[in-house]
Amino acid sequence: MTDTYLRSLGFAPLDQNDLAGRRAFDTSWRYQHECRALDGASLFIEHPLGVASCRLSALAAPLAAQDVFATTTLHDRPGLETAIEAFYSAHGGKGEVVPPFVPYVYRPFRRRH
């Protein structure tokens with residue numbers, strides 16, 4: 001899977017603040033789908049550090065096995081697309097688009113006297 005492929009499916013990186021200096025894609029990453037389910041659940045995909053698979057969950061950082069509803073290998077695109085459709089089917093379908101993350105960057109102006 002690549003960043004471009006996940007973005008084409010509607011995912012966006014959770015850490016929008018560090019796009020230029022982002023870690024290598026094959027190290028570890030976490031994305032959120034742009035659409036919520038009709039019941040309000042969000043879809044997250046994560047590739048844990050050092051594990052050759054990706055996990056789908058309704059939680060941004062699932063710690064327990066019961067919080068992960070699907071696991072696919074990194075290169076199983078049909079399996080991933082099937083898991084995404086199964087998530088939305090189980091939660092009533094696709095709902096509203098999550099508003100994009102806009103970081104607040106305060107940069108005070110310094111005057112020289």
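Applying the side chain to side chain donor-acceptor pair (under 3.5 Å) criterion to Glu46, with sequence neighbours excluded, gives Arg30, Arg55. Scanning for side chain to side chain donor-acceptor pair (under 3.5 Å) contacts around Glu81 gives Tyr5, with sequence neighbours left out.
Side-chain N or O atoms of His47 include none that pairs as donor or acceptor with a backbone N or O of Ala52 at under 3.5 Å. Although no hydrogens or angles enter the test, the distance criterion places a donor-acceptor pair under 3.5 Å between the side chain of Ser57 and the main chain of Asp67.
One finds the NZ atom of Lys94 at 7.5 Å from the CD atom of Glu34 (value rounded to the nearest 0.5 Å). The OH atom of Tyr88 sits 5.0 Å away from the CG atom of Leu43 when rounded to the nearest 0.5 Å. Note that the NE2 atom of His75 and the OG atom of Ser53 stand 11.0 Å from one another [nearest 0.5 Å].
Hydrophobic clustering, with ILVMFWY side chains joined whenever heavy atoms are under 4.5 angstrom apart, groups Phe69 together with Leu74. Both Leu9 and Ile45 belong to a single network of hydrophobic side chains, linked directly or stepwise wherever heavy atoms of I, L, V, M, F, W or Y lie under 4.5 Å apart.
Using the six-membered ring where Trp is involved, Trp29 and Tyr31 have ring planes that are perpendicular, over 60° apart on the 30 and 60° scheme.
The minimum heavy-atom distance between Ala37 and Phe87, with the atom names listed, is CB-CE2, 4.3 Å. The heavy-atom pair separating Phe11 from His33 by the smallest distance is CD2-N, 3.4 Å. Here the closest heavy-atom approach between residue Gly92 and residue Leu38 is recorded as O-CD1, 2.7 Å.
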